[in-house]
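FYI, side chains are in, hydrogens and waters are out, and symmetry mates aren't considered; it's all heavy atoms of this structure.
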Amino acid sequence: MGFQPAERRLPIGIQTFREIRNEGYLYVDKTGFALRLVSAGKHYFLSRPRRFGKSLFLNTLKDLFEGSRELFQGLEAYDRWDWSVRHPVVRLSFGRGNYIQPDQLQVDLMAQLDGVERRSGVTSGYDTGPQRLADLLERLHLQSRHRVVVLVDEYDKPILDTLHDPRIAMANRDYLRSIYSVIKDCDAHVRFCFLTGVSKFSKVSLFSGLNNLIDITLDPAVSSICGYTERDLDEVFAAELAGLDRERIRDWYNGYSWGGAETVYNPFDVLLLFRMREFKHWWYETGTPTFLIRQLAETGIPWHRLDGMWASDRLLSTFDVGRIAPEALLFQTGYLTVLEREALEDGVSYRLGYPNREVRQSLNQSLLDDLLGTGWQREQEKRRLVHTLRSGDLTNLKELVHSLLAGIPHQWHGRNPMAEYEGFYASVLYAHFSATGAEVRAEESGSIGRADLCVRAFGRVYVFEFKMQGRGGTTAAMAQLKARRYADRYRGLGEPIHLVAIEFSPETRNVTRFEVETA
């Protein structure tokens, strides 16, 4: 359908609260969260993926504490905030800097402190970042007679930008630690502190000097502090919803959860959908780090088990230079989200999974691109797979599975121990099916046991069982599909169900037996 001029202004990419309010852009009121946080505590940390509204919320806090009353008319905070008190604000952002060069972080911080001093009329004589920030907080407090608000946006970017070079990453981490320690040391001069970022580095590595931070990342009470809820779409964007399939919007862009009762939409996706009227991978295309894809390719974790893996709250916050759990990396960057929360005696455990179609399809496509490369031939294979699933041509499916597995580079087998197990082939095929946009479930429970792979697409269901040659006999895979009645859960759909039994050879690294029956 393409670009549609909007009569109502959509705040695409705008992170300044003042601009949104003054220029008449649509705004989802998050000021209630600000009120509750300010009344309940003092030092906060929030982790959310990129383009989820962290910077806008931080900017809203800035205008709130600076007393810009006119901007809040009609919002929840307007009648509940003491506008007679205006606090000085030190707002630091590391989102725009390029930190791959040594000492660039120090240069950038000093430039930002220059700006704070210039705007406030306060001058510090210190020439190091930590000393200068400490002196600035004290002077601002004395000058205004009100304690200072400290807001730090994308606190972790100087580290994430340099993970490919651990030497610079650790130097940036240590420098940031010295900066954040100042905030606690100057607590008498600080009214409120809020830090945001994509990743949560362990307290020992980065926040050892600021260990009084309250991490609200997985606090159910503020789970929708960033992102749009169903209610937000109904109340703020009702006009933009006209002509769009609501269920399709949910399938593509909803599903993010941080422990709350409701899921949220990615704002960037939804706003671009409303403007362009097309379902595309808007958020994912803004930049998926190569580092993330390489990490997944090299960890040996079966790709098909990412959707539904369990992780402890401790594991999800285990993040440091040279020590990054894949589960934490995927969760913190927004490629996995919380599907289920379970309280245990020794803490909390979370079941993670893909939030929506966009992420599942795009991430698996990126994994395949890293494994097989890109090009016209890869796109032809994808189109052929889509047509095969739609038509139910099982002969063509057999040939295509052969072709997809034959395309795996020989050297990849040698460096991945998973290549000796069924899970390796299940992962590759899972990625291929997911990249088409099909509904794919791995190791889904049936009447008895779990099917290796279930694919539902275009009004058809395919239930797969994989075996390595010599393990269980020549017909073991099909016998298991029937005996354990894996297809039972799909019988009520009224759709054709195909049982697909595949046997692989560790020597030829491809299919040696391919059986298909209609259930």
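If you take CH2 on W252 and CG on D245, they are separated by 12.5 Å, rounding to the nearest 0.5 Å. Taking CD of E327 as the start and CH2 of W310 as the end, the distance is 13.5 Å to the nearest 0.5 Å. Taking CG of D269 as the reference point, atom NE2 of H281 lies at 9.0 Å (rounded to 0.5 Å). To the nearest 0.5 Å, atom CG of residue L64 and atom CZ of residue R69 are 12.0 Å apart.
In this structure, I179 and G129 approach most closely via the heavy-atom pair CD1-C, 3.7 Å. Among all heavy-atom pairs drawn from V359 and P355, the shortest one is CG2-CG, 3.8 Å. When all heavy atoms of I249 and L273 are compared, the closest pair comes out as CG1-CD2, 3.8 Å. Minimum interatomic distance between S124 and D135 (heavy atoms only, all atoms of both residues): OG-OD2, 2.9 Å. Nearest heavy atoms, V321 versus I159: CG2-CG2, 3.8 Å. Here the shortest heavy-atom pairing between T162 and A169 reads OG1-CA, 3.1 Å.
Electrostatic pairing of D251 and R360 does not count as a salt bridge here, judged by no charged N lying under 4.0 Å from a carboxylate O. A salt bridge between E70 and R18 is present, with a side-chain N of the basic residue lying under 4.0 Å from a carboxylate O of the acidic one. Using a 4.0 Å cut-off between charged side-chain N and carboxylate O, D174 and R177 make a salt bridge.
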Exercise for review: Begin from the C-alpha positions of K42 and D187 and carry the test salt bridge (Lys or Arg N to Asp or Glu O under 4.0 Å) through to its verdict.
Suggested key: CA-CA 10 Å; K42 182 175 179 179; D187 193 59; 3.1 Å; yes
Point to revise | Full working for salt bridge (Lys or Arg N to Asp or Glu O under 4.0 Å) between K382 and E379 | key: CA-CA 5 Å; K382 181 177 177 179; E379 185 61 28; 5.0 Å; no
Point to revise | Test log, rule salt bridge (Lys or Arg N to Asp or Glu O under 4.0 Å), inputs E117 and R139 | key: CA-CA 10 Å; E117 293 183 358; R139 288 173 181 268; over 6 Å; no
Point to revise | Chi angles and distances behind the side-chain contact (heavy atoms from CB on, under 4.5 Å) call for L75, R21 | key: CA-CA 11 Å; L75 302 180; R21 299 296 287 169; 3.6 Å; yes
Exercise for review: Check step by step if side-chain contact (heavy atoms from CB on, under 4.5 Å) holds for L352 and L316.
Suggested key: CA-CA 10 Å; L352 307 177; L316 292 182; 3.9 Å; yes
Practice item. Please assess V150 against F192 for the test side-chain contact (heavy atoms from CB on, under 4.5 Å), listing each intermediate value before the final yes or no. Key: CA-CA 6 Å; V150 180; F192 186 82; over 6 Å; no
Exercise for review: Go through the steps to decide whether L306 and L330 satisfy the test side-chain contact (heavy atoms from CB on, under 4.5 Å), and finish with yes or no.
Suggested key: CA-CA 9 Å; L306 294 176; L330 286 163; 3.7 Å; yes
Point to revise | Pair R9-E19, salt bridge (Lys or Arg N to Asp or Glu O under 4.0 Å): steps then yes or no | key: CA-CA 12 Å; R9 306 192 75 179; E19 181 181 356; over 6 Å; no
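Looking only at side-chain heavy atoms (C-beta outward), E230 and T263 stay at 4.5 Å or farther from each other. E240 is listed as a side-chain neighbour of L26, based on a closest heavy-atom distance under 4.5 Å. With a 4.5 Å cut-off on side-chain heavy atoms, I225 and L46 count as touching. The shortest side-chain heavy-atom distance between L151 and K62 falls under the 4.5 Å cut-off. Contact check for E23 versus I14: no side-chain heavy atoms found under the 4.5 Å cut-off. Taking 4.5 Å as the limit, some side-chain heavy atom of W282 sits within range of a side-chain heavy atom of M276. Considering only heavy atoms from C-beta on, L244 comes within 4.5 Å of R277 through its side chain. Side-chain contact check for Y350 versus W258: every heavy-atom pair is 4.5 Å or farther apart.
Looking at F45, F94, F194 one by one, the single match for ring pair (Phe, Tyr, Trp, His ring centres under 6.0 Å) with Y155 turns out to be F45. The only option from Y253, Y256, F268 that meets the ring pair (Phe, Tyr, Trp, His ring centres under 6.0 Å) definition with F52 turns out to be Y256.
Note on residues 90-112: pairs passing salt bridge (charged side-chain N to carboxylate O under 4.0 Å, His left out), not counting sequence neighbours, are R91-D153. Sequence neighbours left out, the pairs with a member in residues 120-144 that pass ring-ring contact (aromatic ring centres under 6.0 Å, His included) are H141-H189.
For an aromatic pair to be called close, the ring centres must be under 6.0 Å apart, and F57 with F33 fails this. The six-membered or imidazole ring of Y335 lies near that of W283, with a centre-to-centre distance under 6.0 Å. The distance between the ring centers of Y228 and F237 falls below 6.0 angstrom.
Aromatic ring orientation, F17 versus Y27: perpendicular (interplanar angle above 60°, classes split at 30° and 60°).
Atom CZ of R231 has 12 or fewer heavy atoms from other residues, nucleotides or ligands within 6.0 Å. More than 12 heavy atoms of other residues, nucleotides or ligands shown are found within 6.0 angstrom of CZ on R246.
By the ring pair (Phe, Tyr, Trp, His ring centres under 6.0 Å) test, Y265 pairs with no residue at all, sequence neighbours left out.
Looking at S366 and D369, their side chains never bring a donor and an acceptor atom within 3.5 Å of each other.
Of the possible polar contacts, one joining the K30 side chain to the G227 backbone as a donor-acceptor pair under 3.5 Å is found. The backbone N or O of G353 lies less than 3.5 Å from no partner atom in the side chain of D307, so there is not a single donor-acceptor pair.
Both tests do not hold together for R191 against F65: distance to the six-membered ring centre under 6.0 Å, angle to the ring axis within 45°.
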